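Indexing begins at 1, ligand by ligand and atom by atom, following the structure's order. None of these values were measured; they are calculated from a predicted model. Note that these values count all heavy atoms, side chains included, but never hydrogens, waters or copies made by symmetry.
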Amino acid sequence: MFEINDSLRGRDFVSIYDFSVEEIKYILEAGSEIKKLQKAGITHHYLAGKTLGMIFQKASTRTRVAFEVGMYQLGGHALFLSPRDIQLGRGETIKDTALVLGRMLDGIMIRTFDHEEVVELAKWSAVPVINGLTDLLHPTQIIGDLMTIKEHKGELKGLKLAFVGDGNNVANSLLYGGARVGMDVVIASPSGFEPDKEVLARAQKDAGQTGAKLSVVQDSEEAVAGADVIYTDVWASMGQEDQAEEKEKQFLKYQVNPRLLSLAKPDAIVLHCLPAKRGKEITDEVMDGPQSVVFEEAENRLHAHKAIMAVTM
Ligand code: CP
Ligand code: NVA
């Protein structure tokens, strides 16, 4: 069975940026090995007897199910902690929550709004904290995405990924991910909706190590020209529902439809972290078409999350 070493044991998984090129490679390898074990029906109880607490301040289908099922398949147990039910929702501080949960659990996953809450939780928790999405970053998504791209393209280094749409948490984490694996990432967003400036600057500084080229443009056609991977996400993320209607007008040129896809390489694949607003950022033809790998991508969240937990917890 694939041997998991202790090199990342005890580490928080808050941002892709916190992990070196080699460490990201190791997590991806663990993901694909764990996937093989599961597909072959081989028991892989790397986390026997361990418990993960999952705090969700926002909705989730994929992330919740992947962590919960993943923990079960690894021989452990996962607890869903809704803010409606735990004292965090009544004003208990993140610090006190971390100090308590760290004494009972072996790992904590949190999905929330303010990224600083995850940083604070990680600061005070005695056990690893996994970022299950914040307004700023979505790092576990990117591990599943990189696995998916690698499965289709063989190598990540030297590929070109074009992200078309809102410069959101997924776009930010893709910049960090691209920099680490040597994949060019171009983000095409309307003015005012670019990815986080600080994230871009840090990722660009980092990209030198692997030779990845990272850029932000406004023209979606320019972005997808010659791309190996087209990626999109909703125009209004969770927490921005009130901006959805206004944004739809500003994002019309950023729809991934057959015409835009035809400008990429003929063998380009299409990713979307999901959930999608069909007919808005992506059309049915593309999402259900032969170049779409969005459901494999969703499945890979399971294998990616298992890898993240198995190496850190
Ligand atoms: N992609 C993703 O994180 O999906 P959920 O919001 O359903 O977890
Ligand atoms: N950008 C989206 C991703 C959902 C998985 C959001 O934050 O709602």
All heavy atoms of Ala122 vs all of Asp12, minimum pair found to be CB-OD2, 3.5 Å
### Query
salt bridge (Lys or Arg N to Asp or Glu O under 4.0 Å) between Lys157 and Asp184: does it pass, once the steps are laid out?
CA-CA 8 Å; Lys157 208 176 165 74; Asp184 296 349; over 6 Å; no
Quick note, salt bridge (charged side-chain N to carboxylate O under 4.0 Å, His left out) partners involving residues 243-271, not counting sequence neighbours, are Lys153-Asp267, Asp166-Lys247, Glu221-Arg259, Asp228-Lys265, Glu246-Lys249, Glu248-Lys280
Does ligand 2 have any N/O atom under 3.5 Å from a protein N/O, and what are those pairs and their distances?
{"from": "ligand 2", "atom 1": "1 (N)", "to": "Asn168", "atom 2": "ND2", "distance (Å)": "3.3"}
{"from": "ligand 2", "atom 1": "1 (N)", "to": "Asn169", "atom 2": "OD1", "distance (Å)": "2.8"}
{"from": "ligand 2", "atom 1": "1 (N)", "to": "Asp233", "atom 2": "OD2", "distance (Å)": "2.7"}
{"from": "ligand 2", "atom 1": "1 (N)", "to": "Ser237", "atom 2": "OG", "distance (Å)": "2.8"}
{"from": "ligand 2", "atom 1": "7 (O)", "to": "Asn169", "atom 2": "ND2", "distance (Å)": "2.9"}
{"from": "ligand 2", "atom 1": "7 (O)", "to": "Ser237", "atom 2": "OG", "distance (Å)": "3.4"}
{"from": "ligand 2", "atom 1": "8 (O)", "to": "Met238", "atom 2": "N", "distance (Å)": "2.8"}

Exercise for review: Would you confirm whether Glu117, through its side chain, and Phe113, through its main-chain N or O, come within 3.5 Å as a donor-acceptor pair?
Suggested key: no
Check each N or O atom of ligand 1 against all protein N or O atoms and list the pairs under 3.5 Å, with atom names and distances to 0.1 Å, one per line.
{"from": "ligand 1", "atom 1": "1 (N)", "to": "Gln141", "atom 2": "OE1", "distance (Å)": "2.9"}
{"from": "ligand 1", "atom 1": "1 (N)", "to": "Cys273", "atom 2": "O", "distance (Å)": "2.9"}
{"from": "ligand 1", "atom 1": "1 (N)", "to": "Leu274", "atom 2": "O", "distance (Å)": "2.8"}
{"from": "ligand 1", "atom 1": "1 (N)", "to": "Arg301", "atom 2": "NH1", "distance (Å)": "3.1"}
{"from": "ligand 1", "atom 1": "3 (O)", "to": "Thr63", "atom 2": "OG1", "distance (Å)": "3.0"}
{"from": "ligand 1", "atom 1": "3 (O)", "to": "Arg111", "atom 2": "NH2", "distance (Å)": "2.9"}
{"from": "ligand 1", "atom 1": "3 (O)", "to": "His138", "atom 2": "NE2", "distance (Å)": "2.9"}
{"from": "ligand 1", "atom 1": "3 (O)", "to": "Arg301", "atom 2": "NH1", "distance (Å)": "3.1"}
{"from": "ligand 1", "atom 1": "4 (O)", "to": "Arg62", "atom 2": "NE", "distance (Å)": "2.8"}
{"from": "ligand 1", "atom 1": "4 (O)", "to": "Leu274", "atom 2": "O", "distance (Å)": "3.4"}
{"from": "ligand 1", "atom 1": "6 (O)", "to": "Arg111", "atom 2": "NH1", "distance (Å)": "2.8"}
{"from": "ligand 1", "atom 1": "7 (O)", "to": "Thr61", "atom 2": "N", "distance (Å)": "2.7"}
{"from": "ligand 1", "atom 1": "7 (O)", "to": "Arg62", "atom 2": "N", "distance (Å)": "2.9"}
{"from": "ligand 1", "atom 1": "7 (O)", "to": "Arg62", "atom 2": "NE", "distance (Å)": "3.1"}
{"from": "ligand 1", "atom 1": "7 (O)", "to": "Arg62", "atom 2": "NH2", "distance (Å)": "3.0"}
{"from": "ligand 1", "atom 1": "8 (O)", "to": "Ser60", "atom 2": "OG", "distance (Å)": "2.6"}
{"from": "ligand 1", "atom 1": "8 (O)", "to": "Arg62", "atom 2": "N", "distance (Å)": "3.4"}
{"from": "ligand 1", "atom 1": "8 (O)", "to": "Thr63", "atom 2": "N", "distance (Å)": "2.8"}
{"from": "ligand 1", "atom 1": "8 (O)", "to": "Thr63", "atom 2": "OG1", "distance (Å)": "2.7"}
{"from": "ligand 1", "atom 1": "8 (O)", "to": "Arg111", "atom 2": "NH1", "distance (Å)": "3.4"}
{"from": "ligand 1", "atom 1": "8 (O)", "to": "Arg111", "atom 2": "NH2", "distance (Å)": "3.2"}

Note: Phe295 and Leu274 closest approach over all heavy atoms is CE2-CD1, 4.0 Å
TODO: Mind telling me whether Phe67 and His305 have parallel, tilted or perpendicular rings, with 30° and 60° as the class edges?
DONE: parallel
Taken in chain and number order and not counting sequence neighbours, the residues that satisfy salt bridge (Lys or Arg N to Asp or Glu O under 4.0 Å) with Asp233 are none
Heavy-atom nearest pair, Leu271 first then Val294, reads C-CG1, 4.0 Å
Any luck finding a side-chain donor-acceptor pair between Lys50 and His77 under 3.5 Å? no
